Structure formats: C-alpha cells, structure tokens
> 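Sharing a structure, written as structure tokens. Questions coming.
Treat the numbers as computed from the prediction; the structure is a model and nothing was measured.
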Amino acid sequence: MMIHPQFDPVAFSLGPLQVHWYGFMYLLAFVAAYGLAWYRSTKREGWSTEMVSDLVFFGALGVILGGRIGYVFLYQFSELLENPMYLFRVWEGGMSFHGGFIGVALAMIYFAKKYKKPIFNVLDFVVPCVPTGLLFGRIGNYINGELWGRVSDGGYNWLTYFPQAVNFDAALIATNPALQTLMTEVNGNYLLPRHPSQLYEAFAEGLLLFILLWWFSSKPRPRMAVSALFMLGYGISRFIIEFFRQPDEGYALIFGWMSKGQLYTLPMIIFGLILMVLAYRRQQYDWGKYATHS
C-alpha cells in the first residue's frame with residue numbers, strides 16, 4: 001500500500017510569485033482545452049481562431065466562477081456564513097464539477113448568442129475538450145490530498161494512507177474498534193487505507209471519457225448526441241466512483257447509500273439519455289454529408 005507523499009502545495013516560484021499545484025493544473029487544463037478546440041476548429045466549417053479564443057475564455061470564467069460558487073454553496077455553505085472571504089480562497093482547493101458545469105453552460109449560451117450559433121452546435125463542439133480539464137483537476141485533488149476515498153479492507157496494492165484524513169480516521173477507529181486491524185502508524189498518527197478515488201476519477205472521467213468523446217465526435221453525429229454522451233459518460237462514471245469516494249463531511253447518505261455527488265449527478269444521466277433519444281429522432285447534423293445548418 002502507498003502513503004500519500006503530502007506534496008508541497010506550491011509547484012514552483014517565480015520571484016515573489018508562488019504558483020500552487022491546483023492553479024497550475026487549471027492552467028494546464030485551459031491550455032489543453034485551447035489546443036484541442038483549435039484543432040477541432042480546423043476540421044469544422046464555421047469556426048475561426050477568434051471564436052476558439054472567446055470560447056475558451058468564456059469557458060474558463062464559467063469553470064472558475066461556477067465551480068467555486070457551486071462548491072461553497074453546495075458543500076461549504078456553513079463555512080461561507082462564518083467567513084465570507086472563504087469564497088475567494090481558491091488556492092486551497094474546493095471546486096464543484098456541478099457548479100462548474102452550470103457556469104460553463106451559461107457561458108456557452110452567451111457565446112452561442114454572440115456568434116448566432118445553435119447552443120448544441122457549440123456544446124457538441126466543445127465537450128470533447130472538457131475531459132482533459134477533469135483529468136488535470138482530479139490530479140490536482142490528489143496532489144492536494146483532498147477528496148480522498150473511503151476506507152477499504154480489500155488489501156489492494158494501490159490503497160493509500162492519507163495523512164490529511166487523520167481526524168476522520170481517528171473518529172472511525174473510535175466508533176469502530178475493529179478497524180484497528182487495518183491501521184498503520186505514519187509519523188505518529190494512525191491511519192486507515194483508503195481508495196485513491198481522485199485517481200479513479202482522473203482515469204474514468206478524464207482519460208477514458210476523453211478517448212470516448214474524441215472518437216465519437218470524429219464522425220458526423222446528430223446535433224445533441226455528443227453533448228448527451230458527455231452527460232451520460234460523466235454521470236455514470238461519477239455515480240459509480242462515488243461508491244469509493246469519502247462522502248462529504250456533515251452530510252448523511254440519502255436512503256443510507258446515496259451521496260450528495262450521486263444525487264447531483266443523477267439528473268445528468270437522465271437528461272443525457274433524453275437528449276440522446278431526441279438527437280437520433282431529429283437527425284439534425286451540423287457538419288458532414290447530411291449537414292442542415294439550422
């Protein structure tokens with residue numbers, strides 16, 4: 001089993017400027033999104049470099065503002081009430097995918113109106129560029145030692161002892177002494193083996209979803225189909241991995257098994273399924289042999 005190395009939160013310094021790993025991961029995410037979007041624009045009619053620049057800029061604003069506001073309001077509202085400045089401490093980590101998703105959706109609606117494009121023409125174009133951002137974001141979560149997984153007695157080699165979870169582990173051991181058989185001492189603290197769920201998400205929601213969407217969107221598909229596949233792919237991956245991820249502190253599992261992440265993700269799966277059915281019923285294409293341009 002592994003022990004989380006507790007990385008220095010500062011990736012590197014440029015004079016007095018300290019670049020944190022979390023911010024660096026976001027920078028890599030936006031650079032990757034721009035490069036992928038630029039490449040896609042060379043394969044599609046009606047897309048220019050200026051459009052790609054605006055698309056990524058608006059999308060970045062949506063991710064940062066929506067992700068942070070969503071996280072604070074959905075998961076840390078009590079902290080916000082006690083300390084309103086907590087909203088702006090982005091370098092400490094804490095971004096919500098669901099908030100970021102709403103933020104990006106609103107940004108894409110604005111972009112579509114500005115360039116007079118159908119909204120799903122825009123979304124179908126951009127969503128294959130999103131999973132790389134999720135990949136880098138989850139790696140940032142792992143580096144920060146946050147959003148760790150649930151305790152496991154499976155004995156898998158990749159299970160990880162997170163020193164950042166010491167208080168959670170102590171509380172679990174106090175209420176369930178049988179877990180003492182799993183604990184190990186790390187720097188004077190007794191820790192329990194946990195799933196590195198951040199890496200599970202990086203692999204499934206990042207790498208695998210990127211490969212799937214890039215392949216699927218490489219051929220003409222009905223309008224809305226690519227967006228629908230993103231919702232289904234992300235939603236199903238997130239729903240499954242939540243069973244391995246530590247539930248949010250202070251929130252009881254719904255029905256004794258469903259986490260808040262699963263509750264927020266379930267509508268994505270349902271909406272994605274509906275969109276996929278509608279897409280293939282309407283048969284509207286934005287490029288390729290059967291393009292309708294309407």
> Less than 4.5 Å apart, any side-chain heavy atom of Leu135 and any of Phe210?
no
> Can you tell me how the ring of Tyr22 sits relative to the ring of Tyr26, calling it parallel under 30°, perpendicular over 60° and tilted otherwise?
tilted
> Between Lys114 and Asp54, does at least one N-O distance fall below 4.0 Å, as a salt bridge requires?
yes
> Looking only at atom types and distance, does a side-chain atom of Lys113 sit under 3.5 Å from a main-chain N or O of Ile119, one as donor and one as acceptor?
no
> Strictly distance-based, threshold 3.5 Å: is any side-chain N or O of Gln262 a donor or acceptor partner for the main-chain N or O of Phe239?
yes
> Could you grab the distance from atom CE of Met25 to atom CG of Asn144, nearest 0.5 Å is fine?
10.0 Å
> Aromatic contact between His195 and Tyr200, with the criterion being ring centroids under 6.0 Å apart: yes or no?
yes
> If we only count heavy atoms from C-beta on, is the Leu253 to Ser259 side-chain gap below 4.5 Å?
yes
> Take Tyr142 and Leu147 through the side-chain contact (heavy atoms from CB on, under 4.5 Å) test and state the conclusion after the steps.
CA-CA 8 Å; Tyr142 180 78; Leu147 304 183; over 6 Å; no
> Considering all heavy atoms of both residues, which atom of Gly70 and which atom of Ser96 are nearest to each other, and what is their separation?
C-CB, 3.7 Å
> Less than 6.0 Å separating the ring centroids of Phe162 and Phe168?
no
> For residues Tyr264 and Phe97, establish whether the separation of their ring centroids is below 6.0 Å.
no
> Calculate, to the nearest 0.5 Å, the distance between atoms OG and CE belonging to Ser227 and Met108 respectively.
11.5 Å
> Give the cluster check for Phe30 versus Leu55: same hydrophobic cluster or not, with ILVMFWY residues linked at side-chain heavy-atom distances below 4.5 Å.
yes
> Surrounding OH of Tyr39 (heavy atoms of other residues, nucleotides or ligands, distance under 6.0 Å), is the total greater than 12?
no
> List the steps, then state whether side-chain contact (heavy atoms from CB on, under 4.5 Å) holds for His4 with Tyr161.
CA-CA 6 Å; His4 186 270; Tyr161 297 102; over 6 Å; no
> Any donor and acceptor pair, going by atom type alone, linking the side chain of Gln198 with main-chain N or O of Glu146 inside 3.5 Å?
yes
> Ignoring hydrogens and geometry, is there a side-chain-to-backbone donor-acceptor pair from Asp124 to Met224 under 3.5 Å?
yes
> For the atom pair OH (Tyr34) and OG1 (Thr49), what is the distance rounded to the nearest 0.5 Å?
5.5 Å
> Kindly indicate whether the side chain of Leu191, heavy atoms from C-beta on, has any atom under 4.5 Å from the side chain of Val166.
yes
> Report yes if some heavy atom in the side chain of Pro196 is under 4.5 Å from a heavy atom in the side chain of Trp158; otherwise report no.
yes
> Evaluate whether atom CH2 of Trp38 has more than 12 neighbouring non-hydrogen atoms of other residues, nucleotides or ligands under 6.0 angstrom away.
no
> Under the criterion salt bridge (charged side-chain N to carboxylate O under 4.0 Å, His left out), I'd like the reasoning laid out for Arg194 against Asp169: C-alpha separation, chi angles, the key distance, then a yes or no.
CA-CA 10 Å; Arg194 293 177 174 273; Asp169 290 352; 2.7 Å; yes
> Is the cationic atom of Arg150 (NZ for Lys, CZ for Arg) positioned less than 6.0 Å from the six-membered ring centroid of Phe243 and within 45 degrees of its normal?
no
> On a heavy-atom basis, which atom in Leu159 and which in Gly154 lie closest, and how many Å separate them?
CD1-N, 4.4 Å
> Counting only heavy atoms not in Phe57, do more than 12 fall under 6.0 Å of its CZ?
no
> Answer yes or no: are there more than 12 heavy-atom neighbours, outside Tyr190 itself, under 6.0 Å from its atom OH?
no
> Phe136 and Phe24: ring-ring contact (aromatic ring centres under 6.0 Å, His included), yes or no, with the steps?
CA-CA 9 Å; Phe136 288 121; Phe24 185 55; 8.7 Å; no
> Run the side-chain donor-acceptor check on residues 265-281: report pairs under 3.5 Å with partners two or more places apart or on a different chain.
unit_1 : atom_1 : unit_2 : atom_2 : d
Thr265 : OG1    : His98  : NE2    : 2.9
Thr265 : OG1    : Gly261 : O      : 2.6

> Is it possible for you to check whether Arg221 lies under 6.0 Å from the centre of the six-membered ring of Phe216, through NZ or CZ, and within 45° of that ring's axis?
yes
> Could you go through the side-chain contact (heavy atoms from CB on, under 4.5 Å) check for Arg282 and Arg223 one step at a time?
CA-CA 8 Å; Arg282 294 180 178 180; Arg223 184 184 296 169; over 6 Å; no
> With a 4.5 Å cut-off on side-chain heavy-atom distances among I, L, V, M, F, W and Y, is there a chain of contacts connecting Val56 to Tyr110?
no
> Hey, quick one: are Trp148 and Ile240 part of the same hydrophobic cluster, counting side-chain heavy atoms closer than 4.5 Å, chains of contacts allowed?
no
> So, taking the atom named SG in Cys129 and the one named CG in Leu36, what distance separates them when rounded to the nearest 0.5 Å?
5.0 Å
> Between Thr184 and Val186, does the side-chain contact (heavy atoms from CB on, under 4.5 Å) criterion hold? Intermediate values first, please.
CA-CA 6 Å; Thr184 193; Val186 178; 4.0 Å; yes
> Is there a side-chain contact between Phe120 and Asp286 in this structure, where contact means two heavy atoms from C-beta onward sitting under 4.5 Å apart?
no
> Closest approach of Trp47 and Met51, non-hydrogen atoms and distance?
CA-SD, 3.8 Å
> Of all heavy-atom pairs between Ser41 and Val52, which one has the smallest distance, and what is that distance?
CB-CG2, 3.7 Å
> Mind checking side chain to side chain contact (heavy atoms under 4.5 Å, CB included) for Ile69 and listing every partner two or more places apart, or none if nothing turns up?
Phe73, Leu87
> Do you reckon Val122 sits in the same ILVMFWY cluster as Val226, going by side-chain contacts under 4.5 Å, direct or chained?
yes
> Which distance, rounded to the nearest 0.5 Å, do you find between the CG of Leu208 and the CG of Leu212?
8.5 Å
> Nearest 0.5 Å, please: how far is CD in Glu201 from CG in Leu207?
14.0 Å
> Hey, are the side chains of Val151 and Leu172 touching, using non-hydrogen atoms and a 4.5 Å cut-off?
yes
> Kindly give the heavy-atom pair with the smallest separation between Leu192 and Leu179, and that separation in Å.
CD2-O, 3.5 Å
> So which heavy atom on Phe244 is nearest to which on Ser197, and how close?
O-CB, 3.9 Å
> Against the six-membered ring of Trp287, is Lys219 placed for a cation-pi contact (under 6.0 Å from the centre, within 45° of the normal)?
no
> State, yes or no, whether a side-chain contact exists between Leu199 and Arg138 at a heavy-atom distance under 4.5 Å.
no
> Examine Tyr115 together with Phe111 and report whether their ring centres are nearer than 6.0 Å.
yes
> Backbone N or O of Phe125 within a donor-acceptor pair of the Arg40 side chain at under 3.5 Å?
yes
> Give the cluster check for Val127 versus Phe101: same hydrophobic cluster or not, with ILVMFWY residues linked at side-chain heavy-atom distances below 4.5 Å.
yes
> Are any non-hydrogen side-chain atoms of Ser152 and Pro193 less than 4.5 angstrom apart?
no
> Would you say that more than 12 heavy atoms from the other residues, nucleotides or ligands in this model lie under 6.0 Å from the CG of Asn187, or not?
no
> Any carboxylate oxygen within less than 4.0 angstrom of a Lys/Arg side-chain nitrogen, looking at Glu242 and Lys260?
no
